[in-house]
There are 2 protein chains.
Amino acid sequence: MNTSISLDDFDRRLLRLLQIDTQRSVAAIAEAVGLSAPACYRRIRRLREEGVIEREIAIVRPRTLGWPLSMIVMVTLEREGARTIDEMIRLFALEPEVVEAWNVTGDHDLAVRIVARDMEGYDELATRLFSANEHVRSFKTLVVIRHVKPLSPVPVE
Amino acid sequence: MNTSISLDDFDRRLLRLLQIDTQRSVAAIAEAVGLSAPACYRRIRRLREEGVIEREIAIVRPRTLGWPLSMIVMVTLEREGARTIDEMIRLFALEPEVVEAWNVTGDHDLAVRIVARDMEGYDELATRLFSANEHVRSFKTLVVIRHVKPLSPVPVE
DNA sequence: TCGCAAGCGATAAAGATTATCGGTAATTGC
DNA sequence: GCAATTACCGATAATCTTTATCGCTTGCGA
């Protein structure tokens, strides 16, 4: 994908700012990092092209869209293996309520973050995804009481 | 903050698109949702002002910036209570390696997502944040093997 | 030491965003 | 039931932002 991403101090400053807010005008960003606007544009474009910036997205509070409940589900698979994991990946991809998922070490194999309209909705989903799934040996639901730290920038340098 | 967010079909289409990509020109978005460009701008601005769109950010792969390791840490607190949680929030806010955290129900009180340069770096951080923290009774580290589903849009309708 | 490559700022050209307008359809109040 | 009001559209014009082009400086290697 890239031959050798080398980031200098300006790039790092840009990444710090852009991970917090992509809506600011580049004029303001240029001011903040200490470059001319055109130089900033060139660098931002390079960061995008080289894939350092993976994508730029809008963050929406789930609650606002009618998803007030959030769970973290710890799943233990029947026989862990690439095959089984791949099966779960395919399944998760089809379910919009599955917001993020990780394959992890430890007692469980997967950590899955899910949003729900209500407990009934969650129950229906959990049944379909986990209870009624032959790959799943067991799962444990952790209901999110509070989002204690919102998604934060990856540290730069 | 808002009196009554009411979203029609156009708003929902916009939110779906913007949660995936804010970089597309609004002309293209307008085409996709079936409105004129000015109408799209008006709606997007409204969504921002009303806080339906919380913020717009750049997503960076941690690996690219030298954070190839990722952990989910399950933390059990000494005596759970608003005071203790608040203390942990303050602490997490100061640590850039803590990328996201939730207060959850169940055997543990907190789920914390952390990035690390290497195991040594993680160990140092975990010691400081958890082992040497009087509020923390115990913690369990789940090393992320694979990011199975990347951060995905909150479902709209 | 010279030439080349990388990267800057300034400016100009192109493109995107916002403001303004008149028109239309839905909603409210009489 | 009908006029007035409101909400929201598209089209166009004005503004602002982004990209392209240029000539210049600086650092590096031959």
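It should be emphasised that the depicted structure is a prediction, and the values quoted were computed from it without experimental measurement. Order of the sequence lines fixes the chain letters, A, B, ..., with proteins taken first and strands second; residue numbering starts at 1 for each chain. Note that these values count all heavy atoms, side chains included, but never hydrogens, waters or copies made by symmetry.
- With D:dT12, D:dT18, D:dC9 as the choices, the nucleotide that has an atom nearest any side-chain atom of B:L35 turns out to be D:dC9.
- The residues B:E54 and A:R61 are annotated as salt-bridged, a charged nitrogen and a carboxylate oxygen being separated by less than 4.0 angstrom.
- Going from atom CG of B:D9 over to atom C1' of D:dC9 covers 16 Å, rounded to whole Å.
- For B:R42 and D:dA7, the shortest distance from a side-chain N or O to OP1 or OP2 is not below 4.0 Å.
- For B:I44 and C:dA16, the CD1 to C1' distance is 12 Å, given to the nearest whole Å.
- Candidate nucleotides D:dT18, C:dG7, C:dA19 were compared by shortest atom distance to the side chain of A:R43, and C:dG7 ranks first.
- Straight-line distance from the CG atom of A:L7 to the P atom of C:dG7: 12 Å, rounded to whole Å.
- Taking only side-chain atoms of B:S25, from C-beta outward, the nucleotide of C:dC8, D:dT17, C:dA16 with the closest atom is C:dA16.
- To the nearest angstrom, P of D:dT17 lies 16 Å from CD of B:Q23.
- A:R46 has no side-chain polar atom (N or O) that falls below the 4.0 Å cut-off from OP1 or OP2 of C:dA6.
- Rounded to whole Å, the distance from CG on B:D11 to C1' on D:dC8 is 12 Å.
- Between the C1' atom of C:dA16 and the CD1 atom of B:I29 lies a distance of 12 Å, rounded to the nearest Å.
- To the nearest 0.5 Å, atoms CD (A:Q23) and CZ (B:R55) are separated by 13.0 Å.
- Rounded to whole Å, the distance from CZ on A:R45 to P on C:dC8 is 13 Å.
- Checking the phosphate oxygens (OP1, OP2) of C:dA16, no side-chain nitrogen or oxygen of B:R24 falls inside 4.0 Å.
- With D:dA11, C:dC8, D:dC9 as the choices, the nucleotide that has an atom nearest any side-chain atom of B:A39 turns out to be D:dC9.
- Residues A:D107 and B:K140 have side chains in contact (heavy-atom distance under 4.5 Å, counting atoms from C-beta outward).
- Between the side chains of A:T84 and A:H135, no donor-acceptor pair is found at a separation under 3.5 Å.
- Here C:dA13 presents its C1' atom at 14 Å from OH of A:Y41, a figure rounded to the nearest Å.
- At a threshold of 4.0 Å, the pair B:E124-B:R128 counts as salt-bridged, since one of the basic side-chain nitrogens sits closer than that to a carboxylate oxygen.
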